[in-house]
Amino acid sequence: MPDLFSPTFWTQPVDILARTLIGAELLIEGVGGIIVETEAYDVDDPASHSFGGPRARNAAMFGPGGHAYVYRIYGIHWCLNLVGGARAGGAVLIRALEPTHGIDVMAQRRGLTDRRALCSGPGKLAQALAVTGAFDGLPLDRPPFALRTGQPVEVVAGARIGISKAVAQPWRFGAKGSPYLSRPFSRHDRSV
DNA sequence: GTATCGATGATCT
DNA sequence: GATCATCGATACC
């Protein structure tokens with residue numbers, strides 16, 4: 001696992017970043033867990049919020065790497081991204097965590113006790129970690145964020161979820177066999 | 001196990 | 001007016 005705080009880490013291509021972040025530990029105010037599912041979005045990617053250039057909502061995607069991009073979806077849920085990539089306009093959507101820290105707090109925020117349901121989706125983990133639009137644009141290398149490297153993990157890649165454009169791009173990444181994914185990967189999805 | 005549907009509001013055409 | 005990088009409940013297999 002590379003150094004998450006090296007100056008060049010966040011300038012890697014977004015798919016490499018999304019792949020590399022699987023297995024890292026993400027905490028907010030000490031609450032969170034191991035990243036087990038991500039998706040990559042790039043500036044020339046029709047499925048990306050940055051496609052078409054900077055706008056009010058996606059401004060953080062065109063800011064410096066190593067910062068958060070947070071947006072509201074369906075008027076209900078928040079989603080957390082980590083900004084990065086070889087060019088401006090890239091980000092990695094954090095889709096699922098394996099809960100490890102502050103499980104009782106997350107269970108209270110989610111109104112659930114089932115560990116597998118706490119962070120198994122982008123909207124779920126945002127609720128469990130109390131992510132809101134107030135986090136949009138914040139740097140990841142200082143509180144309330146804590147991002148650390150983890151153990152090497154076998155990673156599989158497949159099609160992204162919930163999009164209608166560029167549906168074939170295999171830019172969803174997950175820890176192989178993890179019970180904390182938002183959805184299982186296909187048997188035919190390959191290791192990367 | 002899969003399928004479908006409503007919630008709910010910002011963003012864009 | 002349409003489209004969402006979603007979730008949870010419900011119905012059915």
Side-chain angles (χ1 to χ4, degrees), chain A residues 13-19 21-22 26 33 35-63 65 67-85 87-99 106-137 140 155-175 177-189:
Chain A
V14 277
D15 55 324
I16 303 297
L17 271 179
R19 158 71 181 81
L21 285 166
I22 301 295
L26 173 66
I35 298 173
V36 295
E37 184 179 339
T38 61
E39 284 177 359
Y41 289 89
D42 207 354
V43 68
D44 60 358
D45 168 10
S48 175
H49 290 170
S50 57
F51 188 71
R55 295 184 166 278
R57 176 176 71 161
N58 63 20
M61 290 186 80
F62 291 91
H67 288 236
Y69 163 53
V70 179
Y71 66 92
R72 204 148 151 78
I73 187 65
Y74 295 103
I76 304 173
H77 308 287
W78 296 100
C79 291
L80 171 66
N81 296 251
L82 311 186
V83 174
R87 299 170 286 172
V92 175
L93 172 66
I94 307 301
R95 287 195 55 91
L97 302 179
E98 174 181 340
M106 293 192 278
Q108 186 170 14
R109 289 171 176 163
R110 295 271 299 122
L112 297 166
T113 55
D114 178 10
R115 249 161 128 113
R116 294 165 55 131
L118 290 181
C119 297
S120 54
K124 297 179 188 180
L125 79 85
Q127 184 182 27
L129 273 59
V131 171
T132 69
F135 290 76
D136 188 42
L140 303 171
V155 176
V156 292
R160 294 174 292 184
I161 293 176
I163 57 173
S164 61
K165 296 169 184 166
V167 293
Q169 187 78 260
W171 274 5
R172 174 183 179 228
F173 300 89
S178 172
Y180 299 99
L181 300 173
S182 67
R183 283 174 41 182
F185 281 79
S186 157
R187 280 192 316 287
H188 305 297
D189 287 338

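Chain naming here is simple, since letters A, B, ... match the order of the sequence lines and numbering starts at 1 in each.
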5' to 3', nucleotides 7-13 of chain C under a 4.0 Å protein heavy-atom cut-off (B base, S sugar-phosphate only, - none) gives SS-----
Per-nt protein contacts along nucleotides 8-13 of chain B (heavy atom under 4.0 Å; B base, S backbone sugar-phosphate only, - none) come out as BB-SS-
Dot-bracket for DNA chain C, 5' to 3', counting Watson-Crick or G-U wobble pairs under 3.5 Å, with [ ] for crossing pairs and | for inter-strand pairs?
||||.|||||||.
How would you list, by chain and number, every residue that makes a side-chain contact (heavy atoms from CB on, under 4.5 Å) with [X], sequence neighbours excluded?
| X | answer |
| --- | --- |
| A:Ala117 | A:Leu112, A:Asp114 |
| A:His67 | A:Pro64, A:Pro139 |
| A:Thr132 | A:Trp78, A:Ala134, A:Phe135 |

Would you tell me whether A:Gln127 and A:Arg110 have side-chain atoms, one donor and one acceptor, within less than 3.5 Å of each other?
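There is such a pair (donor and acceptor under 3.5 Å, judged by atom type) between the side chains of A:Gln127 and A:Arg110.
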If you take any heavy atom closer than 4.0 Å to DNA chain B, which residues from residues 157-173 of chain A end up in contact?
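Nucleic-acid contacts, sorted: none.
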Going by the salt bridge (charged side-chain N to carboxylate O under 4.0 Å, His left out) test, which pairs reach into [range], not counting sequence neighbours?
| range | result |
| --- | --- |
| residues 116-137 of chain A | none |
| residues 42-59 of chain A | A:Asp42-A:Arg87, A:Asp44-A:Arg87, A:Asp45-A:Arg160 |
| residues 162-173 of chain A | A:Glu37-A:Arg172 |
| residues 71-83 of chain A | none |

Taking ring-ring contact (aromatic ring centres under 6.0 Å, His included) as the test, write out the residues that go with A:Tyr71, two or more places apart.
A:His49, A:Tyr69
Using modelled atom types and a 3.5 Å cut-off, is there a donor and acceptor pairing between side-chain atoms of A:Glu39 and backbone atoms of A:Arg95?
no
Do any N or O atoms from the side chain of A:Ser48 and from the backbone of A:Tyr41 form a donor-acceptor pair under 3.5 angstrom?
no
Do you know the tightest heavy-atom contact between A:Met106 and A:Ala128?
CG-O, 3.5 Å
Evaluate whether the aromatic ring of A:Tyr41 and the six-membered ring of the C:dA5 base sit under 5.5 Å apart, centre to centre, with an inclination under 30°.
yes
